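Per chain, numbering begins at 1; letters A, B, ... match sequence-line order. The basis for the numbers below is simple: all heavy atoms, side chains too, and nothing from hydrogens, waters or symmetry mates. Given the structure is predicted, the values throughout are model-derived calculations rather than measurements.
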Amino acid sequence: MPELPEMETYKNLLQLRVTGHKIVNVEVNREKSINTATKLFIDALNGNKIVDIQRRGKHLIFQLDTGKCLLLHLMLGGLMYIENDTDTISRTKQVIISFNSHKLVFIGLRLGYLHLLDDKQLKDELSDLGPEPLKEDFTLLLFEQLVDKKRGKLKTTLVNQEFIAGIGNCYSDEICYAAELLPSRTFDSLEHSEVQKLYNSIQSVLKEAIQLGGYIELPLFKEDKLTGGYNDHCKVYDREGEKCNRCGHPIKKEIISSRKCFFCTNCQF
DNA sequence: AGGGCAACCCGGACGC
DNA sequence: TGCGTCCGGGTTGCCC
């Protein structure tokens with residue numbers, strides 16, 4: 001499901017195609033996806049512009065010229081697509097934001113949402129999120145301080161949004177693999193050098209995934225060749241039984257805290 | 001604090 | 001082709 005690198009990729013691609021374009025029509029086919037009455041939501045967008053797009057954790061924030069914003073969380077299976085006159089997608093569309101020459105459609109929003117908020121509401125909604133792992137202030141020292149208070153499993157803690165924002169089921173496995181650490185290890189069992197390795201792996205895995213466009217398979221628009229480039233680079237996620245990239249042993253799958261978890265028992269310790 | 005678990009939600013994949 | 005069934009999984013909240 002969309003995690004930090006996927007949302008960052010969406011952000012970068014949407015900046016070029018959505019910001020600055022006048023919204024000429026809005027369609028809401030599923031009221032549960034939004035947080036206001038449909039008419040209110042539509043009126044807040046129609047005729048206005050998205051002036052900026054930011055990412056926080058797995059959220060995207062569409063800043064409107066009116067001062068309000070849209071907070072997006074795709075949750076499980078949520079996707080976006082940009083349609084135009086010659087290219088449409090045959091999926092159920094929960095929300096459609098139309099511009100003059102193209103449409104931004106939201107599909108697969110089940111638990112996902114698009115909330116219309118003012119600054120204060122936005123701040124409140126995001127207040128429980130942990131640090132951004134790729135921001136400069138996320139230093140090794142800060143990570144060591146956060147880790148110091150933790151005793152839980154790497155897997156469970158890495159996907160906890162209050163610990164670090166943006167890491168989900170796929171990248172937590174990939175990060176543990178890159179760090180050569182078993183996801184079932186606990187933080188209080190880590191040597192100092194292992195904490196450092198984990199910190200470096202968080203950075204390198206997320207950065208590489210962003211560079212390659214994340215692992216989501218559906219392109220954002222027809223000519224989009226960036227999105228999904230990381231799919232082939234996943235070393236363990238969803239690769240049960242396949243040979244480990246490093247040592248050739250078969251990748252194992254196990255449920256850890258009711259989540260699918262993939263790792264190599266031979267070269268992760 | 002951490003682990004376990006149920007509830008939320010429904011499109012789409014899959015089986016017949 | 002068509003219909004019914006069931007699964008996935010991030011997040012929240014509750015209990016132990």
Side-chain angles (χ1 to χ4, degrees), chain A residues 1-10 27-35 38 55-61 71-81 83 88-96 105-115 117 121-122 124-133 143-176 182-190 206 209 214-218 231 234 236-240 253-263:
Chain A
M1 304 302 105
E3 304 175 30
L4 187 154
E6 287 68 40
M7 298 314 282
E8 186 71 16
T9 301
Y10 272 139
E27 211 177 298
V28 178
N29 299 316
R30 181 175 176 274
E31 200 161 29
K32 278 183 182 173
S33 300
I34 61 174
N35 63 328
T38 298
R55 183 191 56 73
R56 178 76 172 97
K58 302 177 190 172
H59 302 262
L60 282 195
I61 302 153
L71 178 66
L72 169 72
H73 196 311
L74 293 171
M75 297 285 263
L76 40 138
L79 295 166
M80 286 179 271
Y81 196 75
E83 296 186 328
T88 59
I89 187 163
S90 57
R91 291 272 303 257
T92 308
K93 296 151 200 168
Q94 285 78 35
V95 180
I96 304 171
V105 305
F106 297 84
I107 55 189
L109 291 185
R110 296 177 203 182
L111 301 176
Y113 54 82
L114 201 50
H115 284 177
L117 304 171
Q121 292 169 314
L122 177 70
D124 285 349
E125 287 228 13
L126 301 178
S127 63
D128 287 337
L129 287 179
E132 281 294 325
F143 184 62
E144 285 167 343
Q145 286 166 356
L146 292 175
V147 159
D148 224 25
K149 303 174 215 148
K150 286 286 173 189
R151 288 178 286 126
K153 293 188 172 88
L154 301 189
K155 176 71 179 179
T156 321
T157 308
L158 284 173
V159 299
N160 180 351
Q161 301 302 295
E162 292 178 37
F163 177 65
I164 299 174
I167 299 172
N169 213 28
C170 170
Y171 291 105
S172 56
D173 285 357
E174 295 301 324
I175 288 164
C176 288
L182 287 169
S184 55
R185 280 281 293 280
T186 57
F187 271 100
D188 52 7
S189 78
L190 294 186
L206 294 178
Y215 67 82
I216 291 283
E217 293 184 37
L218 183 73
N231 210 14
C234 289
V236 283
Y237 187 71
D238 243 345
R239 298 201 178 279
E240 184 186 17
K253 173 187 168 186
E254 207 173 283
I255 304 292
I256 297 183
S257 343
S258 52
R259 291 161 176 283
K260 278 193 297 185
C261 188
F262 302 87
F263 50 89

Nucleotide N/O of nucleotides 1-6 of chain C paired with protein N/O under 3.5 Å:
none

Which class fits the ring pair A:His73 and A:His59: parallel under 30°, tilted 30 to 60°, perpendicular over 60°?
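Rings of A:His73 and A:His59: perpendicular, as their planes differ by over 60°.
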Under 30°, 30 to 60°, or over 60°: which ring-plane class applies to A:Phe262 and A:Tyr237, parallel, tilted or perpendicular?
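The rings of A:Phe262 and A:Tyr237 stand perpendicular, inter-plane angle above 60°.
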Using a heavy-atom cut-off of under 4.0 Å over every strand shown, decide if A:Gly152 touches base, sugar-phosphate, or nothing.
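Sugar-phosphate contact only.
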Using a 4.0 Å cut-off on protein heavy atoms (strictly under), produce a 5'-to-3' string for nucleotides 11-16 of chain C with B for base contact, S for backbone-only sugar-phosphate contact, and - for none.
B-----
Does A:Arg151 or A:Thr92 map to a spot on DNA chain B nearer the 5' end, using the closest nucleotide for each?
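The residue whose closest nucleotide sits nearer the 5' end is A:Arg151.
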Of A:Lys32 and A:Ser90, whose closest DNA chain B nucleotide lies nearer the 5' terminus?
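Looking at DNA chain B, the more 5' nearest nucleotide goes with A:Lys32.
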Along DNA chain B, first and last positions that approach a heavy atom of chain A under 4.0 Å
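Going 5' to 3' along DNA chain B, contacts run B:dA1 to B:dG12.
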For [X], salt bridge (charged side-chain N to carboxylate O under 4.0 Å, His left out) partners two or more places apart:
{"X": "A:Lys153", "result": "none"}
{"X": "A:Lys260", "result": "A:Asp238"}
{"X": "A:Glu83", "result": "A:Lys93"}
{"X": "A:Arg55", "result": "A:Glu8, A:Glu132"}

Between [atom2] of [N] and [atom1] of [X], the distance in whole Å:
{"X": "A:Tyr171", "N": "C:dG10", "atom1": "OH", "atom2": "P", "result": "13 Å"}
{"X": "A:Ile255", "N": "C:dC7", "atom1": "CD1", "atom2": "P", "result": "13 Å"}
{"X": "A:Leu109", "N": "C:dG10", "atom1": "CG", "atom2": "P", "result": "16 Å"}

Output every pair passing salt bridge (charged side-chain N to carboxylate O under 4.0 Å, His left out) with a member in residues 155-173 of chain A, not counting sequence neighbours, ordered by first then second residue.
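Every salt bridge (charged side-chain N to carboxylate O under 4.0 Å, His left out) pair that includes a residue of residues 155-173 of chain A, provided the two are not neighbours, is A:Lys155-A:Asp173.
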Within 6.0 Å of CD in A:Glu217, more than 12 heavy atoms from elsewhere:
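For A:Glu217, atom CD is not crowded (no more than 12 foreign heavy atoms under 6.0 Å).
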Shortest non-hydrogen contact from A:Ile167 toward A:Ser172:
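In this case the closest contact between A:Ile167 and A:Ser172 is CG2-N, 3.7 Å.
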Compute the centroid of each ring, for A:Phe187 and then for A:Phe163, and state whether the two points are separated by less than 6.0 Å.
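Yes: the rings meet the under 6.0 Å criterion.
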Apply side chain to side chain donor-acceptor pair (under 3.5 Å) to A:Asn35 and list each qualifying residue two or more places apart in sequence or on a separate chain.
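Side chain to side chain donor-acceptor pair (under 3.5 Å) list for A:Asn35, sorted by chain: empty.
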Any residue meeting side chain to side chain donor-acceptor pair (under 3.5 Å) with A:Glu6, in chain and number order, not counting sequence neighbours
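For A:Glu6, the residues satisfying side chain to side chain donor-acceptor pair (under 3.5 Å) (neighbours in sequence not counted) are A:Tyr171.
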Contacts of type ring-ring contact (aromatic ring centres under 6.0 Å, His included), residue A:Tyr81, not counting sequence neighbours
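With neighbours one apart ignored, the set is empty.
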Rounded to 10°, tell me the angle between the two end axes of the helix from B:dG2-C:dC16 to B:dC16-C:dG2, each built from five pairs.
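Inter-axis angle at the termini of the helix from B:dG2-C:dC16 to B:dC16-C:dG2: 40°.
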